[in-house]
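Proteins come first, then strands; the chains are lettered A, B, ... in the order of their sequence lines, and each starts at number 1.
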Amino acid sequence: MSEERSLNFIEQIVEEDIANGVNNGRVLTRFPPEPNGYLHIGHAKSIVLNFGLAQKYNGKTNLRFDDTNPVTEDTEYVESIKNDIRWLGFEWAAELYASDYFEQIYQFAITLIKKGLAYVEDATAEEIAKHKGTPTTPGTPTPSRSRSVEENLDLFQRMRNGEFKDGEKTLRAKIDLASPNMHMRDPILYRIKHAHHHRTGDKWCIYPMYDFAHGQSDSIEEITHSICTLEFIPHRPLYDWFIKELEIFPSRQYEFARLNLNYTVMSKRKLKLLVEEGFVKGWDDPRMPTISGLRRRGYTASSIRELCERVGVQKRDHVIEIGLLEFCIREELNKTANRVMAVLDPVKLVITNYPDGLVEELTADNNPEDESAGSRTLHFSKTLYIEREDFMENPTKKYFRLGPGLMVRLKNAYIIKGESVEKDADGNITTIYATYLPESKSGGDTSGLTVKGTIHWVSAEHAAKAEVRLYDRLFTSENPNAEEADFRTFLNPDSLQVIPEAYVEPSLLEAKVGDRFQFLRKGYFSVDPDSTKDKIVFNRTVTLKDTWAKESKKA
RNA sequence: UGCCCGAUAGUAUAAUGGUAGUACGACAGACUCUGACUCUGUUUGUCUUGGUUCGAAUCCAGGUCGGGCAACCA
């Protein structure tokens, strides 16, 4: 299937470059995160693209941390990023840091100063902004712009020496204050930050801006294809200007549209806010679109890769429906997840004509989609739990489940017929009474009856208890970013529903963290790391498709 | 009213001057010891106006609409 897939525009460029002998056919990409947050599914698209390109064209991919802003960065993020990339199934050729190049980048700045192409600026941020003009009016030079090379050299050295306070001076490129491209209007190259860096410690008090570090880092590593997102298109002329003036390796930048998903947000800043303000329980909260969140939720790396492949690579903005991600994980788990029975909202069912005290052992297939998954033994007895929603006292005409006089199949067991109910003072059903057909046993059914519905159950005496966490979309708005109000006002108050005591097959007590199951008719679930010896916790990864829910909503 | 990028069914994606296809979704049906899976069928699309051409989603020009750019963030 994928071999028939047509080339995306970046693959086309790479193939042309190889055909034309550009860089002797060498392909070296890089994935360049800033260690200031956890990776999300949007990063997965970039990872799959960059690493995938290298794999496909016999190249390599570097992992380079763009750590040029010491105040936002942390080693915790470095570790999580490395962990997430590996989990997604990729390994980098080299682990590198922009901060490794600080001395070299400093020398690049000296080179520009000596060429009369950079100057030390005295103006404040506000003054610089004012002098920059607007997109429709050209900027005007500040007095600093006319400094001599010698003075600039001296001042820049003194910036490095720590003689100035934060914000007191900057180094700017001297390009074109009238450029229609705002990024070419003498952009800032260096700023003063007396801050501790997660790798270089207190060695530096001046740090290069992203624009003066990213492209140069690519050149230093001799990256052939530097792939980034659309918003950096207007930066490209600046990078090309540096390449020309510094006479360094000409990495070429190509831009693609970032991945957006509906009903969530994809900015690290916003995700960080959700974590810090306690709207979620951490970066790996299963409701988060982070790699770690999706992993904990039960998503597989291959399902995330599959989404990235299906979405493709192009230059137009898009918003992917969350349903496509859900399709990807269902498609995989349908083939691989063992089926088990779990009753999430239990009601007691007594089979009045079943012998007291009898326990039968029944056989159940683990996965109808995979014969090699084998089978397991189930215990059946007189008193069971079934799902409350699988009984209706006054059933509608298309209701294929249990009700007074209605027959259903208990999965892997018998056909039963609803007889009567017992209620509490509030009118809630506390017990359902039914009779069973002894000759309808699964595997040896001689009853000749066919029933429309099959429901799941667990034996009351044998059931184990488990905590089950049901997740729904994090936001109520399809695009919280596009709304007028703050994105946090669209948080879904029902995004997490905890069921403290669901009844599950006892075999599940042996499940390990990360194991995935299909709870028959309820969805795919995986074991959460919060599980202990005494209490196992399941996360609902995704529901099964539910045409009945849709049907009943219509009515 | 500057510069840059983009526009194909509801969503996403293909067709690279030669039959507008695919996936997800929706709808209808078949099957079913999961109202799942699987299978079948249906529906809906080239932003607009001109031009080039035997032929345009594709090339050109104007327009419209959407997005980005004026951080000592990346």
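A:Arg388 CZ: more than 12 foreign heavy atoms inside a 6.0 Å radius. No more than 12 heavy atoms of other residues, nucleotides or ligands shown are found within 6.0 angstrom of CZ on A:Arg252. More than 12 heavy atoms of other residues, nucleotides or ligands lie within 6.0 Å of NZ in A:Lys268, so this atom counts as buried by the packing criterion. Residue-environment remark: NZ (A:Lys130) stays at or below the threshold of 12 foreign heavy atoms within 6.0 Å.
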### Message
Could you walk me through whether A:Phe475 and A:Tyr263 satisfy the ring-ring contact (aromatic ring centres under 6.0 Å, His included) test, starting with their C-alpha distance in whole Å, then the side-chain angles of each, then the deciding distance to 0.1 Å, before giving a yes or no?
### Response
CA-CA 5 Å; A:Phe475 290 91; A:Tyr263 293 105; 9.3 Å; no
### Query
Please walk me through it: do A:Phe212 and A:Phe108 pass ring-ring contact (aromatic ring centres under 6.0 Å, His included)?
CA-CA 9 Å; A:Phe212 197 58; A:Phe108 288 148; 7.0 Å; no
### Task
Dump the intermediate steps for ring-ring contact (aromatic ring centres under 6.0 Å, His included) on A:Tyr254 and A:Phe9, then the final yes or no.
CA-CA 10 Å; A:Tyr254 302 97; A:Phe9 80 99; 7.8 Å; no
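With sequence neighbours left out, the side chain to side chain contact (heavy atoms under 4.5 Å, CB included) criterion links A:Lys441 to A:Glu360, A:Leu362, A:Tyr414. Partners of A:Phe232 by ring pair (Phe, Tyr, Trp, His ring centres under 6.0 Å), not counting sequence neighbours, listed by chain and number: A:Tyr210, A:His235. In terms of the salt bridge (charged side-chain N to carboxylate O under 4.0 Å, His left out) criterion, A:Arg305 has no residue partners (sequence neighbours excluded). Among residues two or more places apart in sequence or in another chain, the ring pair (Phe, Tyr, Trp, His ring centres under 6.0 Å) test is passed with A:Phe156 by A:Tyr106, A:Tyr190. Partners of A:Glu163 according to the salt bridge (charged side-chain N to carboxylate O under 4.0 Å, His left out) rule, which considers only residues two or more places apart in sequence or in another chain, are A:Arg158.
For the pair A:Glu15 (side chain) and A:Glu11 (backbone), a donor-acceptor distance under 3.5 Å is absent. A:Glu387 places a side-chain N or O within 3.5 Å of a backbone atom of A:Asp345 that can act as its donor or acceptor partner. Without hydrogens or angle criteria, A:Arg185 side chain to A:Ile175 main chain gives no donor-acceptor distance under 3.5 Å. Checking side-chain atoms of A:Asn62 against main-chain N and O of A:Glu221 turns up no donor-acceptor pair under 3.5 Å.
Regarding contacts with the backbone of B:rA14, a side-chain N or O of A:Arg316 is found under 4.0 angstrom from either OP1 or OP2. Applying the 4.0 Å criterion to OP1 and OP2 of B:rC73, one finds that A:Thr68 has every side-chain N and O outside that range.
Taken residue by residue, residues 327-342 of chain A places heavy atoms nearer than 4.0 Å to RNA chain B at A:Phe327, A:Asn334, A:Arg339. Within residues 34-41 of chain A, the residues that place at least one heavy atom under 4.0 Å from RNA chain B are, in residue-number order, A:Glu34. RNA chain B lies under 4.0 Å from no heavy atom of any residue of residues 260-270 of chain A.
Of the inter-residue distances, the one linking A:Lys522 atom NZ with A:Asp546 atom CG reads 7.5 Å to the nearest 0.5 angstrom.
No donor-acceptor contact under 3.5 angstrom links the side chains of A:Tyr239 and A:Gln216, judged on distance only. Judged purely by distance below 3.5 Å, without hydrogens or angles, the side chains of A:Asp66 and A:His214 pair a donor atom with an acceptor atom. Side-chain contact of A:His198 with A:Asp74: a donor-acceptor pair under 3.5 Å is absent, judged by distance alone.
Minimum heavy-atom separation, A:Ala337 to A:Gln518: CB-N, 3.9 Å.
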Name the pairs: protein N/O against N/O of nucleotides 66-68 of chain B, kept only if under 3.5 Å.
residue: B:rG67; atom: O2'; partner: A:Asp317; partner atom: OD2; Å: 3.2

Pairs: protein N or O with nucleotides 70-72 of chain B N or O, under 3.5 Å:
residue: B:rC72; atom: N3; partner: A:Gly167; partner atom: O; Å: 3.3
residue: B:rC72; atom: N4; partner: A:Ala123; partner atom: O; Å: 3.4
residue: B:rC72; atom: N4; partner: A:Gly167; partner atom: O; Å: 2.6

N/O contacts under 3.5 Å, protein versus nucleotides 27-30 of chain B?
residue: B:rC27; atom: OP2; partner: A:Lys550; partner atom: NZ; Å: 3.4

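Ring centroid separation for the pair A:Phe380 and A:Trp457 comes in under the 6.0 Å cut-off.
Going from the C1' atom of B:rA14 to that of B:rA36 covers 31 Å, rounded to whole Å. If you take atom C1' in B:rU58 and the same atom in B:rA15, they sit 9 Å apart, rounded to whole Å. Between the C1' atoms of B:rG18 and B:rA74, the separation comes to 46 Å (whole Å). Comparing B:rU46 with B:rU8, their P atoms are spaced 11 Å from each other, to the whole Å.
Of all nucleotides listed (B:rA14, B:rG35, B:rU13), B:rU13 comes nearest to the side chain of A:His318.
At a cut-off of 3.5 angstrom, the base of B:rU32 holds no donor-acceptor pair with the side chain of A:Arg409. For A:Glu369 against B:rU38, a side-chain-to-base donor-acceptor contact under 3.5 Å is absent. For A:Gln314 against B:rU13, no side-chain N or O and base N or O form a donor-acceptor pair under 3.5 Å.
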### Query
Please, what dot-bracket string fits RNA chain B when only Watson-Crick and G-U pairs with both distances under 3.5 Å count, crossing ones use [ ] and pairs to another strand use |?
.((((((..((((....[..)))).(((((.......)))))....(((((..]....))))))))))).....
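Rounded to whole Å, the distance from CD on A:Glu326 to P on B:rU11 is 18 Å.
Here A:Pro368 lies in heavy-atom contact (under 4.0 Å) with a base. As judged by a 4.0 angstrom heavy-atom cut-off over every strand, A:Gly443 is placed among the base-contacting residues.
Taking for each of A:Val319 and A:Glu73 the nucleotide of RNA chain B with the nearest heavy atom, the 5'-most of the two is the partner of A:Val319. Between A:Asn412 and A:Asn8, the residue anchored closer to the 5' end of RNA chain B is A:Asn8, taking for each the nucleotide with the nearest heavy atom.
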